Each structure stands twice: as C-alpha cells, then as structure tokens.
Amino acid sequence: MDAEVETLTVDIDGWEGPLDLLLALARTQKVDLRAISILELVEQYLDFIDHARALRLEVAADYLVMAAWLAYLKSALLLPRDPEQEPSPEEMALRLQLRLERLGAMRDAGARLLGGDRLGRDVFRRPAPEGLRTVRKAAWQADLYDLIAAYGRVSARTRPVMHIVADRPVMTLEAALERVARLVGEAIDWATIEAFLPADAGGAFRRSALASSFLASLELARQGRVELRQQAPFAPLYLRRPA
Amino acid sequence: MIDGYVRAVEAVLFAADEPLGIEAIRGHAGDGDVRAALATLADHYAGRGIELVRRGDRWHFQTAADLAHLLRRDREEPRKLSRAGVETLAIIAYHEPVTRAEIEAIRGVQISKGTVDVLMEAGWVRPAGRREVPGRPLTYATTPQFLAHFGLASRRDLPGIDDLRAAGLLDPVDLAFENAEVANPDEDA
Amino acid sequence: MIDGYVRAVEAVLFAADEPLGIEAIRGHAGDGDVRAALATLADHYAGRGIELVRRGDRWHFQTAADLAHLLRRDREEPRKLSRAGVETLAIIAYHEPVTRAEIEAIRGVQISKGTVDVLMEAGWVRPAGRREVPGRPLTYATTPQFLAHFGLASRRDLPGIDDLRAAGLLDPVDLAFENAEVANPDEDA
C-alpha cells in the first residue's frame, strides 16, 4: 500500500482536482467503493499531501482545502459524538463515498465508451461516397391578373396623361379680397367672418368662399386695412375696420 | 454463410478510398484467393443497388449505374416573380419581339440581366432573333409555355389598352383619387 | 431477385455521405415502405463484411466491427480526448440534458471552457436549451453524430446505463443520500 502511495506522489500534477485524487487513492484499497473505509481514505489523502509538501511540491489550494476538510471529518468520526452536530460525521462520510461512486461510474463509462467500436477507428464508412444532392429549382409563380395589372401600371407610368379638372363653383381670392374690403368698410363693430360670405352660398361654393375670404382677411390685416380677433383656436374669427 | 475471406475482401473494398488492385487487397485482407473472392462478390452484388466493378486491374464498389438518378433529386420550390419580372414579362408579351432597350424605354426603368434570365429559366421567354438595326440587338418573345401557364389561347387574348382602361388598370393615381371623391360626395357633410 | 425499392434504398444509403433518416431516404428513393426495406437490408447484410446499422433514427453502412484489425493499419487515430474530455462526454451522455454546474458537481472540479468546446467541435455535444431554474443555465446533450461515432443504436445502448440507473448512480448525491437514509434508517445506530 505504501509503495502505491509512493508512485502516486510523483504525479501530483496529473490529478484533475482533489476528488480525482481521492478516487485514485480509494481504488488502491482494492474494494468496491461502497465498502470503502473512509477513515483509511482520509489517512491516505493526508499522507499524500504531507508527502508532497515534504518534497516541496507545489500543492494547489483546493487540495489543501480538501485536506483540511478531511482532517475535520476524521476528528469528527473519531471523537465522541456531538448529537447537535449537523450534518453528522457519518452523513458527511456517506456523501463523500457517494460522490466518489458517481465519479468512478462516469470514469468507467467513459472508458467503455472509448473502448467500443468507434467510427473511423474500428468500423469504417465509405471514405468518398458519391453523395446525395438535392437541386432546388424555383417554380416561378405569376398569374394573368399580375401580368395585365403590371402592364396597366407600366402604361399608366409612361403614357402621356391628360388631366381634366372638373368645373367647380369657387370664389377666387381676387373676388374675396374685393368683397371683404368693401364689406368691412361698411361694418361698424366686430363681425364674424361668416357674415362676409354671400347669404345664398351653400355646399362646395360656401366652403370655397370661406377659404378665400379667410385668405383675403389675412392679406388685408397684413396691409393694415382690417383687424382680426379670435379668442381661442377654432373659436369664431372676428373682423372689423381699424379704429 | 459467407466465406470469411470473401467478407474481408468486401470490407477492404468498401473502406478503400480508391479502386484497389489484387495486391493491395491482399495487403489488407491477408493471404487468400483474391480473384475467387472478387468473382464471388461480383456475382453476389449483380443486380443489387451496389455493384462491384472492375476498372482496368483495379476493383471498387459503386452505386448501380441505372440508379444514378436517385442521387440527384430536383425539388421545385414555388417562388413569386418580382415586380420587375412581371412588368418585363408583360411588356414582352404585349410588344414582342422586343429588345432590352425597348423594354427599358417602355418601363421607364432599367432592367437587370437577372430579370430576363429568370423569365427564360421559367420557360416563358425566349430569344427571338436580332433586330436589323445598328448593334443588332437581341429581341425577346414569349413561348408556348407562357400561353399555357397564363391560360391564354393566343397573345390576342391579352386585354387591349381599351380593356385595361375600362377595368381601371390604366388610371393614374391622382385621377383614381378624384374619382373616389366624386363617388363619396357627402363624405365630409 | 432483389426488390426494386430495396435496391433503391440500398443505393441511396451506399451513396450518402452521412447517416440518413427515413424521410431523407424517401426523399431520394421515392415513395415506398422504407422501414421494411431497411429491415430487409439489415437482414441481408448481417454477418457480411459490410453492415447496415441504425444510429439514433438514422441509418448507414459501415464495415463489420470484427474486421477492424484488417482496416486499422495506416489510419490516423481519431482525435485523442483528454481525460477531462472523456469524463465530461460520459457525464453528458449518461445524464443529458445536463448543465455545466451539474457536470462540475460530479467531477468535483471546474471544467475549463475548452473542454466543452472540443466536444462541440467534434460534433458530439450540442447545447440543449436552458434549465428553468434561477440563472437559466444552458444544458448540454449528445448529437446523432455521437451515436454514429461510438457505434450506439440509441442512448439506451450506452454501456451499463441500465445498471447505473438501477444503482441510483445517475441521480444527484442529494437525492441518493435521501434514498440511502431511507433504505438504512438504523445505519448510524
């Protein structure tokens, strides 16, 4: 047993962490991990670390943390039981044993996996198969409506187009200017802009007259020939001759 | 039961990355009657999906020649023709035979080479000789597949300009807007 | 005489450069009973130098495993995995889907970033979604290529997985610990 520990000492850098080292030490006990002596394992580990440090080998911190924890576990296992202690030393020992079992199981599984019939090592596929190809071909879609609508669009875009403006009843700006200037001269007090529209105006002509009269009012106000007043946005607009 | 040496030769040929000669096969499969094994295999595979074939004095497995078409599959994927594609096709259909420059003049926009290529790939457009003018530009026309695809007996079935106008397909945008207003005179009443 | 469809499936699998699933086979061989054809072929090739094998839900031809000694010479070893790599791969395969923290809990040591990267680069391991716990850690699982490479018909064929599961060795320590306590209530009496 000592001789085996000795050979392990040489390889301090070869371990993948304290659990890995513990598993290797546990395996030197040559028993099923379920029957492992945790106390003996703790001794092995502490001896190993002491030995490594005696040889002035660098020992990483996590190995030392494990050593401290194992030393604590050892004393807890050996000293008279403190019933208040949670978790109990036996539970800690069992947890350690379960973790070793799991790591051991995965290590064995990995070895068996690698030892199987691996493609490219034990079994081979054809090195240069013909290969399968799927050639994607576009099936272009368009229907007759798309076609004639497109032609209509092109024609509309490029053919000369005659614009016909429908004859609509309008009051021109010139007429409105003349009318508002004349009427405001007759008025004495503030009057709403509607009062300046022809009494018989209706529909589209009334809207046109209102728009033109509004523009005319602005122009006359700019010339100082009329005063405007409005209390709030969209409130009635009043006009009068300047005082 | 297959002979042990035959199956060794079978595996060696399958795993080889090039046709193998008799000696190369023996080098892997070990001593044995390679020729007899090859004859047995050739016989066994005759008529299967895989064949053992001889190329000069080398042997290899290959897919049965008559099944080569299985290895390359064409798959059609529906794709919508682009706006430029439809317009170009429409111009060709209405004006054929027509040159690229004429198509561009009618469309008022340049067309990329890919646009006509797509129409030819679809089988709707074909080159239709050269126009006898300087530069002898290629002209394009539609194909019988074009008529079949669009359900036309002949190009004369395409609606004329008057039909298009009657269908409202020629209306410029601003005129269409004006009509919409007239149609709803009380909209803001 | 070999059935025409079986022959087509045989040719398609022979020509394929990767294991094929049922749909991919049908995509090339055409409509037919792919499963029946596969069963016929697997039966036909059993014991020959070439075998038809199932890996996950894909199929491919490969040389018979017992002929490895004839074919192995002059070939490069597949990539050599580090011990950390082998253990990590085993843990992922036997526990998938599994988080990095769970892998580290079993190995008792942190895994370097490179370890999982190497397994992913080899195509054996893939990210398999996040675990819905605080931090939403990424989980890892094996790929179809993993099964193909290691010669497994499915994850159920992982060596010893049934025994490991029955022994509770695939359960986390905490769970196993509770079970152990229940099983041995008088252990520390």
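Numbers restart at 1 for each chain; the letters A, B, ... are given by sequence-line order, proteins then strands. Since the structure is predicted, the reported quantities are computational estimates derived from the model, not experimental observations.
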For A/R112 and C/P159 the tightest heavy-atom approach is NE-CB, 3.6 Å
Shortest non-hydrogen separation from C/A65 to A/V123 and the atoms involved: CA-CG1, 3.5 Å
Measure the [atom1]-[atom2] distance between [X] and [Y] for me, rounded to the nearest 0.5 Å.
X      : Y      : atom1 : atom2 : answer
C/L13  : A/L132 : CG    : CG    : 8.5 Å
A/D122 : C/H69  : CG    : NE2   : 12.0 Å
A/F124 : C/L70  : CZ    : CG    : 10.0 Å
A/E16  : C/S112 : CD    : OG    : 8.5 Å
C/T63  : A/L119 : OG1   : CG    : 8.5 Å

May I ask you to check if A/R126 and C/F61 form a cation-pi contact, with NZ or CZ under 6.0 angstrom from the six-membered ring centre and within 45° of the axis? no
Option in [options] with maximal non-hydrogen atom pairs under 4.5 Å from chain C:
options                       : answer
A/E101, A/R99, A/M106, A/R125 : A/R125
A/D108, A/L103, A/L22         : A/L103
A/P129, A/A128, A/G17, A/G104 : A/P129

In sequence, state the C-alpha distance, the side-chain angles, and the governing distance for C/E87 and A/R107, and then conclude on side chain to side chain contact (heavy atoms under 4.5 Å, CB included). CA-CA 6 Å; C/E87 278 180 23; A/R107 180 156 305 163; 2.4 Å; yes
Considering only NZ, NE, NH1 and NH2 on the basic side and carboxylate oxygens on the acidic side, decide whether C/R83 and A/D20 come within less than 4.0 Å. yes
Stepwise side chain to side chain contact (heavy atoms under 4.5 Å, CB included) test for A/R102 and C/L164: CA-CA 9 Å; A/R102 274 154 186 71; C/L164 290 174; over 6 Å; no
Write out, in numerical order, the residues from residues 101-111 of chain C with a heavy atom short of 4.5 Å from a heavy atom in chain A. C/A105, C/I106, C/R107, C/G108, C/V109
Working note: A/R95 + C/D174, criterion salt bridge (charged side-chain N to carboxylate O under 4.0 Å, His left out); need CA distance, chi angles, decisive distance, verdict. CA-CA 8 Å; A/R95 279 181 178 273; C/D174 284 336; 2.7 Å; yes
Identify which part of [X] has an atom lying under 4.5 Å from any heavy atom of chain A, answering side chain, backbone, both or neither.
X     : answer
C/I50 : neither
C/V53 : neither
C/A24 : neither
C/L20 : side chain

Within a reach of under 6.0 Å around [atom1] of [X], are more than 12 heavy atoms found that belong to other residues, nucleotides or ligands?
X      : atom1 : answer
C/Y5   : OH    : yes
A/R53  : CZ    : no
A/R229 : CZ    : yes

Would you sort out whether C/F150 and A/R118 count as a side chain to side chain contact (heavy atoms under 4.5 Å, CB included), showing the intermediate values? CA-CA 5 Å; C/F150 290 97; A/R118 289 173 69 186; 3.6 Å; yes
With side chain to side chain contact (heavy atoms under 4.5 Å, CB included) as the criterion, how do A/L113 and C/F146 come out once you've worked through the C-alpha distance, each side chain's angles and the decisive distance to 0.1 Å? CA-CA 11 Å; A/L113 208 51; C/F146 165 80; 3.8 Å; yes
Pairing residues for A/Y45 by the ring pair (Phe, Tyr, Trp, His ring centres under 6.0 Å) criterion, not counting sequence neighbours: none
